[in-house]
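Please read the structure below before turning to the comments.
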Amino acid sequence: YNGEKRMKGVDVDTAVYVVPGMSCAHCEAAVTEEVSALPGVERVVIDLESKRVEVSGAALDDAVIRAAIEEAGYDAA
């Protein structure tokens with residue numbers, strides 16, 4: 001699996017981040033809200049147990065996603 005697939009005729013990228021500071025539903029909501037607001041982001045899936053944030057969308061910008069996670073108050077590894 002190369003992290004890319006096609007959805008609705010548009011190339012979709014998937015990026016995965018580890019955010020060690022997330023530990024509760026508030027953390028999950030804060031990160032989801034900030035990242036979901038970014039242009040091109042179609043989906044944000046968070047797994048608190050593994051501290052993973054999976055972002056799917058078109059033309060994702062790594063620096064912008066990391067900045068959004070920081071804006072929510074967390075660091076992305």
Side-chain angles (χ1 to χ4, degrees):
Y1 178 71
N2 63 9
E4 295 182 14
K5 51 190 163 188
R6 294 188 60 84
M7 182 186 333
K8 299 178 189 171
V10 176
D11 286 330
V12 174
D13 297 321
T14 299
V16 177
Y17 302 88
V18 176
V19 183
M22 291 189 313
S23 60
C24 65
H26 176 268
C27 304
E28 181 177 0
V31 171
T32 299
E33 181 179 345
E34 289 292 336
V35 176
S36 294
L38 298 175
V41 172
E42 298 282 331
R43 183 174 67 130
V44 178
V45 177
I46 295 180
D47 180 356
L48 285 176
E49 188 173 320
S50 66
K51 313 290 187 191
R52 289 170 43 106
V53 177
E54 182 179 300
V55 183
S56 299
L60 298 178
D61 184 327
D62 181 67
V64 172
I65 294 170
R66 288 179 183 276
I69 292 170
E70 288 179 14
E71 184 68 27
Y74 305 93
D75 291 320

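This is a predicted model, so every value here is computed, not measured.
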- Note on the structure: In terms of heavy-atom contacts, Cys27 and Gly21 come closest through SG-O, 4.2 Å
- Item | Within residues 20-35 or reaching into it, pairs that qualify as salt bridge (charged side-chain N to carboxylate O under 4.0 Å, His left out) - sequence neighbours excluded | none
- Query: Should side-chain heavy atoms under 4.5 Å link Ile, Leu, Val, Met, Phe, Trp and Tyr, which residues sit in the same cluster as Val19?
  - Reply: Tyr17, Met22, Val31, Val35, Leu38, Val41, Val44, Ile46, Leu48, Val53, Val55, Leu60, Val64, Ile65, Ile69, Tyr74
- Task: Provide the closest heavy-atom pair for Ala30 versus Ala72 in the form atom of the first, atom of the second, distance.
- Result: O-CB, 3.6 Å
- Task: Just grab all the salt bridge (charged side-chain N to carboxylate O under 4.0 Å, His left out) pairs involving residues 59-69, residues at least two apart or on different chains.
- Result: Asp62-Arg66
- Heavy-atom check, side chain of Ser23 versus side chain of Lys51, under 4.5 Å: yes
- Item | Rounded distance (nearest 0.5 Å) linking atom CD of Glu42 with atom OG1 of Thr14 | 10.5 Å
